[in-house]
Amino acid sequence: MDFTQNKQFWQNAVNTRHSCRSYKDLAVDDDTMQKLKTFAYSIPLPFEHEYELRFFKSDGRPVANNLRKPPPDCLAFLSETDLVSIGKTGFAGELFILYATGLNINTCWFGHYILREVERLMPHLGEYANAPAGMYGYSKGETEGVRVICITPLGYWEEKGLRLMDRMSSNMMSFKRKPLNELMENYTDVSKLPDEIIYALDFARKAPSAANSQQWRFSVADNAKTITIAKPKGYKHIKWEHSDMDVGICACHFWLGLKVQGISCTVEPVLDADRVLWKFSL
Ligand SMILES: Cc1cc2nc3c(=O)[nH]c(=O)nc-3n(C[C@H](O)[C@H](O)[C@H](O)COP(=O)(O)O)c2cc1C
């Protein structure tokens with residue numbers, strides 16, 4: 001994948017992606033599905049990671065609390081559940097989500113999927129299969145083995161079916177993002193940063209996060225050659241226990257913002273106390 005040559009594709013995807021919770025009862029067309037599968041099985045990541053994006057079919061019954069009528073096609077993001085794995089799965093998953101957006105496919109990250117339903121449609125829990133009814137997501141914290149961290153529907157927006165949650169999020173949450181200066185740990189005068197870093201940070205701040213909490217913070221050092229992204233130490237969301245996944249998603253946007261400008265860097269996600277710290281060295 002040549003990101004520089006496809007700058008417009010990725011820029012449009014970052015700027016137009018939004019969460020969609022009402023879908024037409026329509027499978028993804030064959031040509032697009034083939035492209036999605038090819039991409040999903042060969043995502044170009046700047047680090048090693050064991051994970052899986054698994055396509056599955058819904059039968060139209062609810063698979064998440066805000067997804068009463070899923071479209072026929074869905075996808076699960078699976079990996080181990082330690083903080084670094086979750087962060088890396090967020091990174092890989094978001095690259096897939098943006099690629100799908102570029103192909104005019106609607107998506108929505110769902111962390112609060114109905115575990116029993118996902119297991120029924122896509123058996124994956126093996127010896128842990130006795131999921132209690134009413135359980136959303138795989139667990140509150142780190143657990144043994146590979147799990148579905150999140151799912152997404154893949155389909156076409158049903159405008160007429162716009163449910164309250166979609167309406168609320170498009171009015172209150174979608175596209176509402178904190179300005180860059182509120183997200184900086186240093187460099188409060190953002191305008192003094194090099195243009196290419198501002199461009200990539202702008203991609204990063206537009207990333208989606210559970211409940212739109214945007215708990216990522218940016219730090220720039222070494223003459224703008226080292227950039228770190230992490231949530232504040234000790235941060236916990238009252239309802240979403242995997243905020244390091246959101247930070248991985250944000251790190252993906254930042255990396256993409258550099259890649260489309262032809263800027264190479266090394267990317268190191270490391271465990272730093274109770275969080276994952278993403279270090280980018282240009
Ligand atoms: C990791 C993650 C988990 C999410 N889980 C849910 C969920 O369980 N239910 C839901 O309705 N939305 C979920 N969302 C969607 C967010 O609410 C949405 O991304 C955020 O409000 C920003 O809106 P936008 O995606 O339209 O820009 C999740 C988003 C992320 C990134």
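- Here the CG-CH2 distance, from Leu183 to Trp216, works out to 8.5 Å after rounding to the nearest 0.5 Å.
- Counting non-hydrogen atoms of other residues, nucleotides and ligands closer than 6.0 Å to CD of Glu182 gives a total above 12.
- Hydrophobic clustering, with ILVMFWY side chains joined whenever heavy atoms are under 4.5 angstrom apart, keeps Val247 apart from Val270.
- The side-chain heavy atoms of Ile249 and Trp109, taken from C-beta on, include a pair separated by under 4.5 Å.
- Atom CZ of Phe280 is separated from atom OG1 of Thr266 by 9.5 Å, given to the nearest 0.5 angstrom.
- The number of heavy atoms from other shown groups lying within 6.0 Å of NZ (Lys178) is above 12.
- Between the side chain of Thr38 and the main chain of Gln34, a donor-acceptor pair closer than 3.5 Å is present.
- Both Leu121 and Leu26 sit in one connected hydrophobic cluster of ILVMFWY residues. Membership requires side-chain heavy atoms under 4.5 Å apart, directly or through other members.
- A heavy-atom distance below 4.5 Å is found between the side chains of Asp274 and Lys233.
- Applying the side-chain contact (heavy atoms from CB on, under 4.5 Å) test between Asp244 and each of Val276, Val84, Asp82 identifies Val276 as the sole match.
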Could you please spell out the steps behind the side-chain contact (heavy atoms from CB on, under 4.5 Å) verdict for Phe96 and Thr107? CA-CA 10 Å; Phe96 174 84; Thr107 61; 5.7 Å; no
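- Proximity of the aromatic rings of Phe91 and Trp255 is defined here by a centroid distance below 6.0 angstrom, and this criterion is met.
- Contact check for Phe77 versus Val148: no side-chain heavy atoms found under the 4.5 Å cut-off.
- Closest approach of Gln11 and Tyr199 over heavy atoms only: OE1-OH, 2.5 Å.
- In this structure, Leu75 CG and Ile105 CD1 are separated by 12.0 Å, a value rounded to the nearest 0.5 Å.
- Taken to the nearest 0.5 Å, the OH atom of Tyr51 stands 4.5 Å off from the CG atom of Leu45.
- Residues Leu115 and Leu67 fall within the same hydrophobic cluster, defined by Ile, Leu, Val, Met, Phe, Trp and Tyr side chains chained together at heavy-atom separations under 4.5 Å.
- Placement of Leu78 and Ile149 within a single hydrophobic cluster is found when ILVMFWY residues are connected by side-chain heavy-atom separations under 4.5 Å, directly or transitively.
- Met245 and Tyr136 are assigned to two separate hydrophobic clusters, defined by single-linkage of ILVMFWY side chains at heavy-atom distances under 4.5 Å.
- Counting only heavy atoms from C-beta outward, the side chains of Leu98 and Arg17 approach each other to under 4.5 Å.
- Judged purely by atom type and a 3.5 angstrom limit, Glu196 has no side-chain atom pairing as donor or acceptor with the backbone of Ile263.
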Derivation and outcome, side-chain contact (heavy atoms from CB on, under 4.5 Å), residues Arg116 and Met135: CA-CA 7 Å; Arg116 267 211 181 171; Met135 187 162 162; over 6 Å; no
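- Looking at every heavy atom in both residues, Asn106 comes nearest to Cys20 through CB-CB, 3.8 Å.
- Within 6.0 Å of CG on Asp189 lie more than 12 heavy atoms contributed by other residues, nucleotides or ligands.
- Arg177 contributes no side-chain N or O that, together with a main-chain N or O of Asp202, makes up a donor-acceptor pair within less than 3.5 Å.
- Between Tyr138 and His242, the ring planes lie parallel to each other; the angle is under 30°, not in the 30° to 60° tilted range.
- Side-chain contact between Pro70 and Val63 is present, with at least one heavy-atom pair separated by less than 4.5 Å.
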Test side-chain contact (heavy atoms from CB on, under 4.5 Å) on Tyr99 and Leu36 and set out the steps. CA-CA 8 Å; Tyr99 180 73; Leu36 291 176; 4.1 Å; yes
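- Geometrically, Arg217 does not engage Tyr235 in a cation-pi contact, judged by NZ or CZ lying under 6.0 Å from the ring centre and within 45° of the ring axis.
- Within a 6.0 Å sphere centred on CG of Asp222, other residues, nucleotides and ligands contribute more than 12 heavy atoms.
- Within a 6.0 Å sphere centred on CG of Asp59, other residues, nucleotides and ligands contribute more than 12 heavy atoms.
- Put simply, the side chain of Asn186 gets close to the backbone of Val220: a donor and an acceptor are under 3.5 Å apart.
- Counting heavy atoms from C-beta outward, Phe110 and Pro153 have side chains that approach closer than 4.5 Å.
- Atom CD of Glu144 and atom CD of Glu80 lie 10.0 Å apart (nearest 0.5 Å).
- Val146 is not listed as a side-chain neighbour of Glu52, based on a closest heavy-atom distance of 4.5 Å or more.
- The local environment of CG in Asn130 is sparse, with at most 12 non-hydrogen atoms from other residues, nucleotides or ligands closer than 6.0 Å.
- No donor-acceptor pair under 3.5 Å is formed between the side chain of Glu117 and the backbone N or O of Ser58.
- Of all heavy-atom pairs spanning Thr4 and Gln261, the tightest one is CG2-C, 4.5 Å.
- Screening Val267, Leu95, Ile97 against Cys252 for a side-chain contact (heavy atoms from CB on, under 4.5 Å) leaves a single residue, Leu95.
- The side-chain heavy atoms of Met184 and Leu193, taken from C-beta on, include a pair separated by under 4.5 Å.
- In terms of heavy atoms, Glu48 sits closest to Lys88 at O-NZ, 2.9 Å.
- Asp246 has no carboxylate O lying under 4.0 Å from a charged side-chain N of Lys231, or vice versa, which leaves the two without a salt bridge.
- Rounding to the nearest 0.5 Å places CD of Glu158 at 8.5 Å from NZ of Lys69.
- Here the shortest heavy-atom pairing between Asn15 and Lys206 reads OD1-NZ, 2.9 Å.
- With no hydrogens or angles considered, a side-chain donor-acceptor pair links Tyr156 and Asp29 at under 3.5 Å.
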Before giving the answer on side-chain contact (heavy atoms from CB on, under 4.5 Å), spell out for Leu201 and Val190 the whole-Å C-alpha distance, their side-chain angles and the decisive distance to 0.1 Å. CA-CA 10 Å; Leu201 287 172; Val190 176; 5.7 Å; no
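- Nearest heavy-atom pair across Leu154 and Pro71 is O-CG, 3.7 Å.
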